[in-house]
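Written below as structure tokens is the structure these notes are about.
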Number of protein chains: 2
Amino acid sequence: MAQKETVERILDAAEVLFAERGFAETSLRTITGAAGVNLAAVNYHFGSKKALIQAVFVRFLDPLVAEVERQLNLLQETKARLTVEDLLQVLTQSVYDIHGKGSNRATAFMRLLGLAYTQSQAHLRRFLGERYGEAFQHYVSHLKPALPGATAADLFWHTHFALGTAIFTMSNFDALRAMSENDTGSRTPVDFIVSRLTAFMAAGLHNAAHE
Amino acid sequence: MAQKETVERILDAAEVLFAERGFAETSLRTITGAAGVNLAAVNYHFGSKKALIQAVFVRFLDPLVAEVERQLNLLQETKARLTVEDLLQVLTQSVYDIHGKGSNRATAFMRLLGLAYTQSQAHLRRFLGERYGEAFQHYVSHLKPALPGATAADLFWHTHFALGTAIFTMSNFDALRAMSENDTGSRTPVDFIVSRLTAFMAAGLHNAAHE
DNA sequence: GAGTCCTGCAAACGCTTGTTTGAAACTTAC
DNA sequence: GTAAGTTTCAAACAAGCGTTTGCAGGACTC
């Protein structure tokens, strides 16, 4: 009991702090301080800071990947050929179903995903590739029939363009929202942003098939 | 003479190393070691590590912003209304004109731009906003007539979606290219990627006017 | 040629980092 | 109630960080 509580509290604090400041910029002392546990607890329960970073990702991604897979299979039973919009919808719907619609945990974690790409944590990228590479490939494989006429190279690049759009937006979500509030005077609802984002991605992806 | 050489060598080394590892992960000892100058030289010539980071951006962005402005004005004289494609073309053309077509300095710097967004360097974002905010707004102002029917909110979000696509792709350029080479077996030319990228961005941006 | 200014250098400063240690506190089982 | 096994804790560790210091060497003026 006491152990699980400590582990969970460390993960909670680490998830939030990593998302706010990045991995290298967040010290174990800051994390354990926020979690209200002893400094040595991280190395005792996780082994190292690197292992803690990976554990944060596993706790979030394992259920999400499973849910995406589930919804993908479900959808495939009712529809012979999935559209690009279907596939994007599965992603957002899976996040909504697990965390609720207005969850800031989801947007905070998206920032973590962005950091995983841009910060120099070679061990993390290797780890994520090994653990989730197959699931990612499986998801992308559904995109191919949805975009007839696209070559393999088209598919690869357009997928990563779309991925980049999403990750960048999510990882700078709060900053962008603040800027937009400054510009237009009103706060944009999350729904609006997400639907615009998926529309932008879909438009870009469809472009692959037309050239 | 000797001074300029030292300053320039520090900037060269810092630009490459920051792009490779990030700001916090690159120590002044690494930079001065690679540059072949004394450790104290950074604080002597720049004042602090933060000031060095800003100087790296200024050296790259000042000429680029000026060139974009120049090409924008030139284009406006021959054409009454600029298209989205025109505006994107001005950006890539400016980079090409300054650094040549196959420059890795340009792609490396794009990675720096991405880091500026995602790494926790509040001073950098503040600095970039103060120094280049006006030029950015001026550029975006040309986008409004190019996308009739788009509201102010549309314009803001779609601009940043496109920005995100570009920054993410550029900042992970080498990694993406290596992955694609692994997948398809052949190395994708830079031209191909850039033209696909701008096409993707244009398709997404046009989508703003149609909803 | 003395004086002034700029630059380069080795060494040290104080501080923070991730990790380890060894003993104390607690839980569990017989 | 004692023994074994977990978990917590304060303290210390070595290493790395950005920055500062004081001096040595060169370049320049007058």
Side-chain angles (χ1 to χ4, degrees), chain A residues 1-57 59 112 115-116 119-127, chain B residues 1-57 59 112 115-116 119-127:
Chain A
M1 293 299 110
Q3 180 208 345
K4 188 162 192 200
E5 211 166 72
T6 300
V7 168
E8 218 64 28
R9 276 161 66 171
I10 292 175
L11 286 172
D12 287 342
E15 188 175 299
V16 171
L17 289 166
F18 282 151
E20 276 176 7
R21 324 179 182 192
F23 305 113
E25 295 88 346
T26 308
S27 71
L28 293 185
R29 283 168 178 81
T30 309
I31 294 171
T32 52
V37 303
N38 188 272
L39 167 63
V42 169
N43 280 277
Y44 177 75
H45 288 288
F46 297 93
S48 69
K49 186 181 181 181
K50 286 183 181 179
L52 169 62
I53 294 175
Q54 297 179 1
V56 168
F57 278 84
R59 184 175 67 148
L112 279 185
L115 294 183
Q119 302 222 308
S120 74
Q121 298 278 344
H123 71 98
L124 222 198
R125 276 191 292 276
R126 207 178 319 120
F127 174 77
Chain B
M1 295 303 108
Q3 180 208 344
K4 188 160 191 201
E5 209 166 75
T6 300
V7 168
E8 219 65 28
R9 275 161 66 172
I10 292 174
L11 285 172
D12 287 343
E15 188 175 298
V16 171
L17 289 167
F18 283 151
E20 274 176 9
R21 325 181 180 189
F23 305 113
E25 295 87 348
T26 308
S27 72
L28 293 185
R29 283 169 177 80
T30 308
I31 294 171
T32 53
V37 304
N38 188 270
L39 166 62
V42 169
N43 281 277
Y44 176 76
H45 287 289
F46 297 94
S48 69
K49 186 180 180 181
K50 287 183 182 179
L52 169 61
I53 294 174
Q54 296 178 2
V56 168
F57 278 84
R59 185 175 67 149
L112 280 186
L115 294 183
Q119 299 223 161
S120 75
Q121 298 277 346
H123 72 96
L124 221 199
R125 276 191 293 276
R126 206 178 320 120
F127 174 78

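Residue numbering restarts at 1 for every chain, and letters A, B, ... go by the order of the sequence lines. All figures in this text were calculated on a predicted structure; none of them were measured in a lab.
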Can you give the donor-acceptor pairs under 3.5 Å from side chains of residues 15-24 of chain B to other protein atoms, not counting sequence neighbours?
unit_1	atom_1	unit_2	atom_2	d
B:E15	OE1	B:R59	NH2	3.3
B:E15	OE1	B:R105	NH2	3.1
B:E15	OE2	B:R105	NE	2.7

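Residues A:V37 and A:I31 form no side-chain contact, since every pair of their non-hydrogen atoms from C-beta on lies 4.5 Å or further apart.
Within the structure, a side-chain polar atom (N or O) of B:N38 is placed less than 4.0 Å from OP1 or OP2 of C:dA10. For the OP1/OP2 pair of C:dG8 and a distance below 4.0 Å, the side-chain nitrogens and oxygens of B:T6 include at least one atom meeting the criterion. For A:H45 and D:dT6, the shortest distance from a side-chain N or O to OP1 or OP2 is not below 4.0 Å.
Taking atom CZ on A:R9 and atom P on D:dT7, their separation rounds to 15 Å, with Å as the unit. What separates CG of B:L17 from C1' of D:dG18 is a distance of 17 Å, to the nearest Å.
Residues satisfying the side-chain contact (heavy atoms from CB on, under 4.5 Å) criterion with B:L39, sequence neighbours excluded, are B:L28, B:R29, B:T32. Taking the ring-ring contact (aromatic ring centres under 6.0 Å, His included) definition, one finds that B:F127 meets it with nothing, sequence neighbours left out. Remark: A:S27 engages A:T30 in a side-chain hydrogen bond (donor to acceptor under 3.5 Å, both in side chains) (not counting sequence neighbours).
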At under 4.0 Å between heavy atoms, which parts of nucleotides 15-21 of chain C does protein reach? Answer with one letter per nucleotide, 5' to 3': B base, S sugar-phosphate only, - none. --BBBBB
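Across all non-hydrogen atoms, the minimal contact from A:S48 to A:V42 is O-CG1, 4.3 Å.
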